[in-house]
Number of protein chains: 2
Amino acid sequence: MTGKTVRAEQVSATRELILVAAERLFAEHGVFAVSNRQVSEAAGQGNNTAVGYHFGTKADLVRAIARKHAKQIERLRLRMVAEIGEPADVRDWVSCLVRPVTDHLAALGNPTWFARFGAQAMTDPALREIMVEESLTSPSLQQIIDGLNRCLPSLPAEVRAEREDMARQLMVHMCAERERALADGTPTPRSSWHGAANGLIDALVGLWLAPVVS
Amino acid sequence: MTGKTVRAEQVSATRELILVAAERLFAEHGVFAVSNRQVSEAAGQGNNTAVGYHFGTKADLVRAIARKHAKQIERLRLRMVAEIGEPADVRDWVSCLVRPVTDHLAALGNPTWFARFGAQAMTDPALREIMVEESLTSPSLQQIIDGLNRCLPSLPAEVRAEREDMARQLMVHMCAERERALADGTPTPRSSWHGAANGLIDALVGLWLAPVVS
DNA sequence: TAGCTTAAGTCAAGCGACTGATTTAAAATC
DNA sequence: GATTTTAAATCAGTCGCTTGACTTAAGCTA
């Protein structure tokens, strides 16, 4: 952030204002229920083309939001993977999957919007690919998958692929669910993001270790 | 369907045309990326107000689609719950949760659109409540939850609530994932909806039986 | 001063909602 | 049972409004 010129500082401040405003509006009203104009206005920009100028289309804006968070989560995940002890068991690897996300959300304070935004974007036919590109193409993520596979050598390949998907879906949508409840004031099963992570980790360990019966 | 007048027959045919067209367009392009006009046109209605006339707002249309499928799934689920043997174990109840949904999708043939539509609607802030009302307020569903709880008496209430959520999220989004892959021609872990259900059931049994560690 | 950023205003296109006319099955009347 | 009346469904077109995209001008930093 430092080391920039005054000009560049102002520009990235403007961009950040837009990103935050967009994330909030998208989470609260839906990505496609909010126009670029409304985002620009909410970001305090007099110009109705501010989003277009700084980011381009709505898809580009979504990408920028995703990238921002993915970067921060990836930092936490790399650190955690680096610190993992040997021998690592399924629970260790699952924790590496879950904690960076929940820790990131916890660090954002309250309220947060990213989990709800992410869940929407992941289910939209036009935005899904963008989200996958930005958040699933991560070296540390592959490391975790590999580590998990080493723990579960007897699991058939198709079951592994399936359970990877399940783990991902569960993380994305359970975080969104909790964030929604927090925003609505609805009671949550756990009192903190850390607790929610505990619940997720327990469940995911059970899921990965589940015998293949049928 | 029979026993109706000719007039009523035509009307419900028109409504069905609109529902099917909407479901397809929503799944392929996104619920809010498709206008009511486009739906009317795709349904072969000359009038751009056809959706408004028959259903009302877009939210009402979404509700009608959800209700249609929920009804059919509920029929399958009631039958399966009625046929469940005693004593029923976790796997029996989980099967009652999963099979009606996958069987319904299998019965729809190929391609299907409902799973992708449902996943979108479930994550949208404006549509979520509608979907919950239409598909989660079902007597048979409560029976299954109760049965599951009887199998797992030692599970803390908050963990139970949490894992109910997880099971629901997994069903919705894994079905959508598979439907997407089928539509794209991407390889799927399983060759049939029945096989996908097997994978889901194995995983969910493991998830429910997972020890509460942390 | 040159170039990037913000502001202000304009534009055609598409939106949901509305209107009145037309069609036609169904109900009422004879 | 034939004829008239009614009301639901469909059609065709219009309305005000919002949208993303565009143009032009002003502001400010390097």
Side-chain angles (χ1 to χ4, degrees), chain A residues 1-23 25-26 28-65 120-121 124-127 130, chain B residues 1-23 25-26 28-65 120-121 124-127 130:
Chain A
M1 288 300 168
T2 54
K4 289 183 180 178
T5 65
V6 176
R7 184 70 167 264
E9 202 69 63
Q10 288 174 339
V11 172
S12 70
T14 300
R15 286 178 54 105
E16 186 65 18
L17 276 175
I18 293 175
L19 286 179
V20 170
E23 188 178 304
L25 291 175
F26 288 170
E28 289 177 346
H29 305 109
V31 175
F32 286 97
V34 175
S35 67
N36 289 356
R37 290 167 109 96
Q38 290 173 308
V39 173
S40 294
E41 277 183 32
Q45 300 299 297
N47 187 355
N48 65 32
T49 323
V51 167
Y53 179 78
H54 284 284
F55 296 98
T57 67
K58 178 167 286 184
D60 296 325
L61 178 53
V62 165
R63 184 185 295 275
I65 297 173
Q120 278 181 64
D124 185 273
L127 303 180
I130 292 173
Chain B
M1 287 300 167
T2 55
K4 287 183 177 178
T5 63
V6 176
R7 186 68 169 264
E9 202 69 63
Q10 288 174 340
V11 172
S12 68
T14 300
R15 286 177 56 103
E16 186 65 17
L17 276 175
I18 293 175
L19 286 179
V20 170
E23 190 178 303
L25 291 175
F26 289 170
E28 290 177 345
H29 305 109
V31 174
F32 287 96
V34 175
S35 67
N36 288 357
R37 291 168 111 95
Q38 290 174 308
V39 172
S40 295
E41 277 183 33
Q45 301 298 298
N47 186 357
N48 64 32
T49 325
V51 167
Y53 179 79
H54 284 284
F55 296 98
T57 67
K58 177 167 287 185
D60 296 324
L61 178 54
V62 165
R63 184 183 295 277
I65 297 173
Q120 278 181 65
D124 185 273
L127 303 179
I130 293 173

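None of the values given here were measured: they were computed from a predicted structure. Residue numbering restarts at 1 for every chain, and letters A, B, ... go by the order of the sequence lines. Note: hydrogens, waters and symmetry copies are ignored here, and every other heavy atom, side chains too, is used.
Scored by the side chain to side chain donor-acceptor pair (under 3.5 Å) test, A:E23 finds A:H69 as partners (sequence neighbours excluded). Take A:R63 and apply the side chain to side chain donor-acceptor pair (under 3.5 Å) test, not counting sequence neighbours, and it matches A:E133, A:E134. Among residues two or more places apart in sequence or in another chain, the side chain to side chain donor-acceptor pair (under 3.5 Å) test is passed with A:E16 by A:K68. Evaluation of the side-chain contact (heavy atoms from CB on, under 4.5 Å) rule for A:E41 yields no partner, not counting sequence neighbours.
Side-chain N or O atoms of A:D124 include none that pairs as donor or acceptor with a backbone N or O of A:A121 at under 3.5 Å.
Between the CZ atom of B:F55 and the P atom of D:dA9 there is a distance of 12 Å, given to the nearest Å. In this structure, A:L17 atom CG and C:dT5 atom P are separated by 15 Å, rounded to whole Å. What separates CD of B:E41 from P of D:dC11 is a distance of 12 Å, to the nearest Å. In this structure, A:H29 places its NE2 atom 17 Å from C1' of D:dT18, rounding to the nearest Å. One interatomic measurement links the two molecules: CZ of B:F32 to P of D:dT19, which rounds to 14 Å at whole-angstrom precision.
Within the 4.0 Å cut-off from OP1 or OP2 of D:dT10, not a single side-chain nitrogen or oxygen of B:Y53 is found. At least one side-chain nitrogen or oxygen of A:H54 sits closer than 4.0 Å to the OP1 or OP2 atom of C:dT6. Remark: A:Q45 is in phosphate contact with C:dA7, judged by side-chain N or O atoms under 4.0 Å from OP1 or OP2.
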Tabulated below should be each protein N or O lying under 3.5 Å from an N or O of nucleotides 20-22 of chain D; please produce it.
{"from": "D:dG20", "atom 1": "OP1", "to": "A:N36", "atom 2": "N", "distance (Å)": "3.1"}
{"from": "D:dG20", "atom 1": "OP2", "to": "A:N36", "atom 2": "N", "distance (Å)": "3.3"}
{"from": "D:dG20", "atom 1": "N7", "to": "A:R37", "atom 2": "NH1", "distance (Å)": "2.3"}
{"from": "D:dG20", "atom 1": "O6", "to": "A:R37", "atom 2": "NH1", "distance (Å)": "2.9"}
{"from": "D:dC22", "atom 1": "N4", "to": "A:T49", "atom 2": "OG1", "distance (Å)": "2.5"}

When the side chains of residues 42-54 of chain A are checked against the rest of the protein, which donor-acceptor pairs come out under 3.5 Å, sequence neighbours left out?
{"from": "A:N47", "atom 1": "OD1", "to": "A:T49", "atom 2": "N", "distance (Å)": "2.8"}
{"from": "A:N47", "atom 1": "OD1", "to": "A:T49", "atom 2": "OG1", "distance (Å)": "3.2"}

